[in-house]
Amino acid sequence: MIPNPTTTETHDVLLCVRDLKTHFPVRRGLFGRTVAHVRAVDGVSFRLAAGKTLGLVGESGCGKTTAARTILRLIPATAGSVRFADRDVFDLPAAEMRRLRQDMQLIFQDPYGSLNPRMTIGGIIGEPLRVHGRARGRGLQNQVAELLDRVGLSPAFRNRYPHEFSGGQRQRIGIARALALEPRFIICDEPVSALDVSIQAQILNLLERLQKQLGLTYLFIAHDLAVVSHISDDVAVMYLGKIVEQAPSRRLYEKPLHPYTKCLMSSIPKSHPDDVRDRIVPRGEVPSATNPPPGCPFHPRCQWMMDRCKTGRPSLLPLPDDPDHAVACHLYHEETT
């Protein structure tokens with residue numbers, strides 16, 4: 001069963017991810033024998049409704065970016081399926097996948113490394129239009145100018161190079177490039193983590209405005225729950241390649257259930273000096289994705305760990321009294337797999 005907090009009666013499901021796994025072989029020796037696998041993504045499932053935003057959060061190394069790139073078929077999947085607009089992404093031939101990529105775009109985390117320093121801004125934004133045969137000549141220049149204006153930059157900037165812009169301006173350029181082919185779905189891979197706090201708010205407001213104007217659907221990846229709360233309709237918390245909790249954004253912030261989610265919530269900086277909040281620090285270090293612990297993957301670090309947590313792996317199941325809130329924890333479910 002796939003937890004389904006992002007699906008409503010009034011919104012069609014645009015993206016359906018079912019039991020997605022991405023494992024990387026660990027090779028050693030003269031002949032490169034495979035001795036183990038890094039389980040970067042290990043059974044992720046979710047649904048995302050058109051026009052909505054799902055926040056995917058977790059600490060660095062939990063598999064968020066790998067999951068995103070696997071969804072876009074930039075990394076081969078080990079198992080599972082991804083359906084976009086009712087089409088199986090992994091089964092599409094190359095020609096059809098090329099056409100589908102126009103509907104699925106990516107905003108990169110690094111606004112410095114993601115722009116070619118040898119190309120002008122106009123060339124960077126216009127490249128998708130040329131590659132897919134959308135526009136040429138004067139029409140191309142006009143579309144580039146419109147895209148720059150849409151993200152809050154002057155069309156006169158199109159002949160400048162990336163090094164002439166600040167980090168926030170570069171991220172706006174990256175957003176304009178992602179919008180060039182008029183996509184329906186955009187993966188935002190930590191798009192504000194490299195920016196100052198004041199600039200982060202500007203970029204988040206821009207993304208929200210574009211979503212309302214263009215009807216975009218976002219998968220918003222971040223490690224900062226405070227950032228995700230401002231833009232996401234629903235939030236999925238990921239740990240060691242698995243989703244451990246998923247719920248509507250407000251509900252998750254008001255009542256986090258999984259011990260790992262509680263740790264993340266307690267680490268959000270206080271907004272007021274009088275805000276009293278107990279800091280929950282997980283024990284030890286994140287286990288290796290090559291050799292994850294048996295049972296619940298979080299049990300070696302959990303202060304509420306019980307005996308059955310060491311052997312029984314909890315499934316991600318909705319709460320009996322709240323079907324939109326799913327959690328993988330023995331504190332709330334007796335069922336184990």
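Remember, predicted model here, so these are calculated numbers, not experimental data.
- The aromatic rings of Tyr161 and His163 sit parallel to each other, their planes meeting at less than 30°, with 60° as the upper class boundary.
- More than 12 non-hydrogen atoms from other residues, nucleotides or ligands lie less than 6.0 angstrom from CD of Gln213.
- A salt bridge links Asp322 with Arg251: at least one charged nitrogen is closer than 4.0 Å to a carboxylate oxygen.
- Smallest separation of non-hydrogen atoms from Arg39 and Pro292: NH1-CG, 3.8 Å.
- Using a 4.0 Å cut-off between a side-chain N of Lys or Arg and a carboxylate O of Asp or Glu, Glu59 and Arg301 qualify as a salt bridge.
- Taking the six-membered ring where the residue is Trp, Phe298 and Tyr239 present perpendicular rings, their angle passing 60° and hence far from 30°.
- Within the structure, ring pair (Phe, Tyr, Trp, His ring centres under 6.0 Å) pairs that include any residue of residues 192-230 do not occur (at least two apart or interchain).
- Relative orientation of the His23 and His37 rings is tilted, given thresholds of 30° and 60° on the angle between their planes.
- Atom CD of Glu96 sits in a crowded spot, with more than 12 heavy atoms from other residues, nucleotides or ligands closer than 6.0 Å.
- Among His325, Lys262, His258, the single residue meeting the side chain to side chain donor-acceptor pair (under 3.5 Å) criterion with Glu245 is His325.
- Nearest heavy atoms, Arg172 versus Ile203: CG-CD1, 3.9 Å.
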**OP:** Could you give me the CA-CA distance, side-chain angles and deciding distance for Arg134 and Gln102, then say whether side-chain hydrogen bond (donor to acceptor under 3.5 Å, both in side chains) is met?
**Re:** CA-CA 11 Å; Arg134 291 287 194 95; Gln102 299 179 55; 2.8 Å; yes

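- Between Thr34 and Arg27, the shortest heavy-atom contact is OG1-NH1, 2.9 Å.
- Counting heavy-atom neighbours within 6.0 Å of Arg250 CZ, excluding the residue itself, gives a total of 12 or less.
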